[in-house]
Novice: 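Have a look at the structure that comes next, please.
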Amino acid sequence: MPKDLFTEEEINRIHKAIEEAEKNTSGEIRVHIDLKCKEEVLDRAAFIFEKLGMHQTSLRNSVLFYLATEDHKFAILGDIGINQLVPANFWDQIKETMLNHFKKAEFTEGLFKGINMAGEQLKTHFPYKKDDTDELDNSISFGKKMKR
Ligand code: CA
Ligand code: CA
């Protein structure tokens, strides 16, 4: 299971990072981890996005960090509310930072930094509001080992 790659402590650290990042922004952040990804990474990320109900935020401002650890595939997928407002290169720096860690198999550190950066950057376009609700669960979701 992909979950075995992370200690309980690391899982908590990522969970907390999402919680903290969402104190900056109304954007909703989720993380999904697979071991393998046989298909096009963006197709898989879109499938997970849908499966997790990530289209259902009121401002359409959720973002998914998708990572397949064994197949070395990674994608950041934002909902249309985000894409309509941010420049095309919005995720570039975040992606690069995360990839630098993933290349060294520092998955937790990479996710931690990426989540922090996403919170900071989304703040400009989607500031946190007092009446914010947690529209999407902050826990990491994990895929099955072989197939979905
Ligand atoms: Ca929220
Ligand atoms: Ca959330």
Side-chain angles (χ1 to χ4, degrees), residues 1-37 39-69 73-102 105-145 148:
M1 291 287 287
K3 193 172 182 169
D4 301 335
L5 284 170
F6 296 85
T7 65
E8 208 56 45
E9 205 180 352
E10 289 172 326
I11 290 172
N12 283 335
R13 189 168 174 231
I14 296 165
H15 186 115
K16 277 263 175 324
I18 296 174
E19 222 172 81
E20 286 303 312
E22 290 186 3
K23 287 179 185 165
N24 283 320
T25 175
S26 60
E28 291 284 333
I29 298 166
R30 290 219 56 160
V31 172
H32 182 87
I33 313 283
D34 278 335
L35 284 179
K36 295 178 182 298
C37 172
E39 57 207 289
E40 200 51 53
V41 64
L42 280 176
D43 290 345
R44 175 67 179 163
F47 174 83
I48 298 293
F49 196 95
E50 178 89 45
K51 197 175 148 205
L52 294 173
M54 292 184 65
H55 295 99
Q56 291 161 19
T57 61
S58 60
L59 295 173
R60 298 295 302 265
N61 60 355
S62 61
V63 54
L64 173 67
F65 291 101
Y66 173 85
L67 174 67
T69 53
K73 287 185 181 174
F74 170 58
I76 303 176
L77 193 62
D79 204 355
I80 53 166
I82 296 177
N83 296 335
Q84 279 167 358
L85 285 180
V86 305
N89 65 356
F90 186 74
W91 301 110
D92 288 1
Q93 203 199 338
I94 297 179
K95 210 169 179 175
E96 200 187 305
T97 303
M98 294 177 87
L99 278 175
N100 282 337
H101 286 288
F102 294 162
E106 297 167 356
F107 301 121
T108 304
E109 190 61 22
L111 288 164
F112 182 79
K113 288 209 175 126
I115 291 162
N116 275 316
M117 289 169 81
E120 280 298 320
Q121 282 188 214
L122 284 171
K123 181 160 75 173
T124 321
H125 304 278
F126 298 99
Y128 181 86
K129 295 202 185 75
K130 265 193 218 139
D131 59 349
D132 183 82
T133 54
D134 189 22
E135 293 176 289
L136 297 171
D137 197 282
N138 299 336
S139 56
I140 315 176
S141 72
F142 291 96
K144 296 217 167 53
K145 190 172 180 178
R148 63 191 188 202

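Since the structure is predicted, the reported quantities are computational estimates derived from the model, not experimental observations. Both counts, for ligands and for their atoms, begin at 1 and track the order of listing.
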Novice: Suppose we call two aromatic rings close when their centres sit under 6.0 Å apart. Are F90 and H125 close by that rule?
Specialist: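 Here the rings of H125 and F90 have centres that are less than 6.0 Å from each other.
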Novice: Using the Ca ion (ligand 1) as the vertex, how large is the angle between O of T133 and OD1 of D132, rounded to 10 degrees?
Specialist: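 Centred on the Ca ion (ligand 1), the O/OD1 angle is 90° (to 10°).
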Novice: List for me each residue that meets side-chain contact (heavy atoms from CB on, under 4.5 Å) alongside S141, sequence neighbours excluded, and say none if there are none.
Specialist: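 S141: side-chain contact (heavy atoms from CB on, under 4.5 Å) contacts with R30, H32, L52.
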Novice: Taking T108 for its side chain and E10 for its backbone only, find out whether a donor-acceptor pair lies under 3.5 Å.
Specialist: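 Flag not set: sc T108 to bb E10 has no pair under 3.5 Å.
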Novice: Does the pair E9/R13 count as a salt bridge with the N-to-O cut at 4.0 Å?
Specialist: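 Result for this pair is no, no salt bridge flagged.
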Novice: Has Y128 got an N/O/S atom less than 3.0 Å from the Ca ion (ligand 1)?
Specialist: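 No - counting backbone and side chain alike, Y128 has no N, O or S atom under 3.0 Å.
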Novice: Which of the protein's N, O or S atoms come within less than 3.0 Å of the Ca ion (ligand 2), not counting waters?
Specialist: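 N, O, S partners closer than 3.0 Å: E22 OE1, E22 OE2, E28 OE1, D134 OD1, L136 O, N138 OD1.
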Novice: Sequence neighbours left out, what passes salt bridge (Lys or Arg N to Asp or Glu O under 4.0 Å) with E19? Give chain and number order.
Specialist: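 Result, salt bridge (Lys or Arg N to Asp or Glu O under 4.0 Å) vs E19: none returned.
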Novice: Test of understanding: with side-chain contact (heavy atoms from CB on, under 4.5 Å), list the residues that count as partners of D131, not counting sequence neighbours.
Specialist: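 side-chain contact (heavy atoms from CB on, under 4.5 Å) check on D131 returns K129.
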Novice: Can you measure from CD1 (I76) to CG (L67) and round to the nearest 0.5 angstrom?
Specialist: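 Here the interatomic distance stands at 11.0 Å.
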